[in-house]
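First comes the structure, then the notes that go with it.
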Amino acid sequence: MDFSIKAFDTKNAISQAKSGCIAVGIFENGKLSAAAKALDSKGAITNALKSGDISGKAGSALLLQAPAGTTADRVLLLGLGAEDAVSDRNFISALQTVIRVFTSLGAAEALFALPMDGVRGRDLAWAIRTTVVTIREGLYRSDELKSKKENSKAGVKKLGLLVDAEQAALAKNVLAQGLALANGMDLSKTLGNLPPNICTPTYLASTARKLAKEFKLGVEVLDRKQLEALKMGSFLSVTNGSEQPPKFIVLKHMGGKVKSAPVVLVGKGITFDTGGISLKPGAGMDEMKYDMCGAASVLGTFRAIAEMQLKLNVIGVIPACENMPSGKASRPGDIVTSMSGQTIEILNTDAEGRLILCDALTYVERYKPAVVVDIATLTGACVTALGHHNTGLFTRHDETHDELANELLAAGKDFNDTAWRMPVEEIYQEQLKSNFADMANIGGPPGGSITAACFLERYTRKYTWAHLDIAGTAWKSGAAKGATGRPVPLLTSFLMKRANQ
Ligand code: BES
Ligand code: MN
Ligand code: ZN
């Protein structure tokens, strides 16, 4: 879809617009939005409402062919629910209807004239970004590996977003940012959806290299030998059972002042999680190809902020490997020494995410970060706690971290990618006690996502840190199985606000 901003004012009126289709909003009580009124000079829209063919309920729609009084070939009426208080959910459900209609419309070009600054508690920027991201989401297909692609000849290919002339400059800027975000989400989704025999640690590394080349980012990929020299005994223990070589990927977007401390993103990159010797049950195990969605969100976020040319220093770090069973794999009971020097008793080889992250979290100390955010499909327990709507957000509970937590929560809310804060209190640390090492890698079933965060917390005491558990939000199961691109919006929003952009 080719998006653009179209300015309109009294000279350049909507009623004179030539278009294959203009989409306008109507409300539940038969009221018309400003754009709908402008197209209703001959009463064609009012009559359609009177006929009862459309209710005005959110998500309802009616397509009118060349209504009298307009110069457009079609007018699409979209229900927005109650007037004065268009909720963000109603706006999004109208967008979903738009996607349904536009993908099979007999016009290749359309105009979008919904009340973009009339959504309750949201602004024009939110509406434009949400429009772009939702429509791109609806059009996204994962058919690279299907021999027959879906026919994409029909439907709208060019979409102009109508805004007031005074707001056009702002809108263009927001549109560019929205497109960059959508591109980042697409990359994240594509990586997530790729099968684990293709999307290996080596594949993630080559994706990072490609991204670096295209956007002039710094990139480094450390191999097993270098990881051994760094004494990453915990990370390396997870790779033991796999034939795929581990990769430790570092990406740098240095858009800020030379001396300003970077934001560091650390993404879990398990390209397939069998559980290892603590083997997972067979049903649904294919979904453990998504265990690299933390890594994918880091790459997607870099794609977005690089295209935006964000004025901020950001470093992305991805420990990538597979968790496989074999004669060489870690056993339950093994004790390993992490890069930090702390020893870990591996009581369950399926709690491998924390084992690769802890060494990455130690590695990033060298950057003297302003803040470190790790992103991981870390625990099934997080899905039990929060379901599929909210990402789990974990930080310590002092003033600095409360502030960081609020920053991340607000960033998610603004970009429709919400998180919910969970406790990281000292009392939970007791569950990680080991009789034989400094800690165990599991804390038992109670509060499983919290004890996982507490494990990571032990490796992050030298900087400000937050952990995002995306086990419930990174992908969808069932008929609509597929990666969601989350939390690229939350992370991008967070970084944009830090850069004041
Ligand atoms: N990648 C999984 C977490 C996961 C499981 C995410 C299911 C989404 C859906 C992680 O490596 C894992 O296996 N965690 C274990 C931890 C347990 C052994 C303490 C889990 O959640 O069962
Ligand atoms: Mn696991
Ligand atoms: Zn895992």
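Whatever order the structure lists them in is the order used to number ligands and atoms, beginning at 1.
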Answer yes when [X] and [Y] have at least one side-chain N-carboxylate O distance shorter than 4.0 Å, and no when they do not.
| X | Y | result |
| --- | --- | --- |
| R122 | D88 | yes |
| D2 | K157 | no |
| K210 | E214 | no |
| R396 | D402 | no |

Which atoms of ligand 1 sit under 4.0 Å from any heavy atom of [X]?
| X | result |
| --- | --- |
| E352 | 11 (O) |
| K280 | 12 (C), 13 (O) |
| T377 | 1 (N), 2 (C), 3 (C) |

Atom [atom1] of [X] and atom [atom2] of [Y]: how far apart are they, to the nearest 0.5 Å?
| X | Y | atom1 | atom2 | answer |
| --- | --- | --- | --- | --- |
| D334 | L355 | CG | CG | 10.5 Å |
| E228 | Q226 | CD | CD | 10.5 Å |
| E144 | L194 | CD | CG | 6.0 Å |
| L251 | F215 | CG | CZ | 11.5 Å |
| D223 | T202 | CG | OG1 | 8.5 Å |

Counting non-hydrogen protein atoms only, what is the nearest one to [atom]? Give residue, atom name and distance.
| atom | value |
| --- | --- |
| atom 6 (C) of ligand 1 | A471 CB, 3.6 Å |
| atom 14 (N) of ligand 1 | L378 O, 3.5 Å |
| atom 15 (C) of ligand 1 | D350 O, 4.0 Å |
| atom 16 (C) of ligand 1 | R354 NH2, 3.9 Å |
| atom 19 (C) of ligand 1 | I442 CG2, 3.4 Å |
| atom 2 (C) of ligand 1 | D273 OD2, 3.6 Å |
| atom 18 (C) of ligand 1 | N348 ND2, 3.5 Å |
| atom 8 (C) of ligand 1 | W475 CH2, 3.4 Å |

- Task: Provide the tally of protein N/O/S atoms nearer than 2.8 Å to the Mn ion (ligand 2).
- Result: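 Near the Mn ion (ligand 2), the number of protein N, O or S atoms below 2.8 Å is 4.
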- Task: Go through V373 and L491 one step at a time and tell me if the side chain to side chain contact (heavy atoms under 4.5 Å, CB included) criterion holds.
- Result: CA-CA 9 Å; V373 180; L491 294 169; 4.3 Å; yes
- Message: My understanding is that we take every heavy atom of each candidate and find the minimum distance to atom 9 (C) of ligand 1. Doing that for E287, M285, K268, M288, which one comes out nearest?
- Response: M288
- Query: With a 4.5 Å heavy-atom cut-off, do L299 and L211 have their side chains touching?
  - Reply: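 L299 reaches L211 side chain to side chain.
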- Message: Side chains of T343 and V336, heavy atoms from C-beta outward: is any pair under 4.5 Å?
- Response: no
- For the Zn ion (ligand 3), which protein N/O/S atoms are closer than 2.8 Å? K268 NZ, D273 OD2, D291 OD2, E352 OE2
- Identified salt bridge (Lys or Arg N to Asp or Glu O under 4.0 Å) counterpart of E407 within the set R498, K497, R421: R498
- Message: Exactly one of E322, E352, M288 should register a side chain to side chain contact (heavy atoms under 4.5 Å, CB included) with I270. Which one does?
- Response: E352
- Begin with the C-alpha distance, continue with both residues' side-chain angles, and end with the deciding distance and a verdict on salt bridge (Lys or Arg N to Asp or Glu O under 4.0 Å) for R303 and D186. CA-CA 10 Å; R303 174 80 180 68; D186 276 6; over 6 Å; no
[X] versus ligand 1: do any nitrogen or oxygen atoms come within less than 3.5 Å of each other?
| X | value |
| --- | --- |
| G380 | yes |
| D291 | yes |
| T379 | no |

- Message: For a side chain to side chain contact (heavy atoms under 4.5 Å, CB included) check, start with the C-alpha distance between L191 and Y290, then their side-chain angles and the critical distance, and finish with the verdict.
- Response: CA-CA 9 Å; L191 290 170; Y290 291 115; over 6 Å; no
- Query: Is there at least one protein heavy-atom neighbour under 4.0 Å from atom 11 (O) of ligand 1?
  - Reply: yes
- Would the W126 and F91 ring centres measure less than 6.0 Å apart?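 Ring-ring flag for W126/F91: true, centres closer than 6.0 Å.
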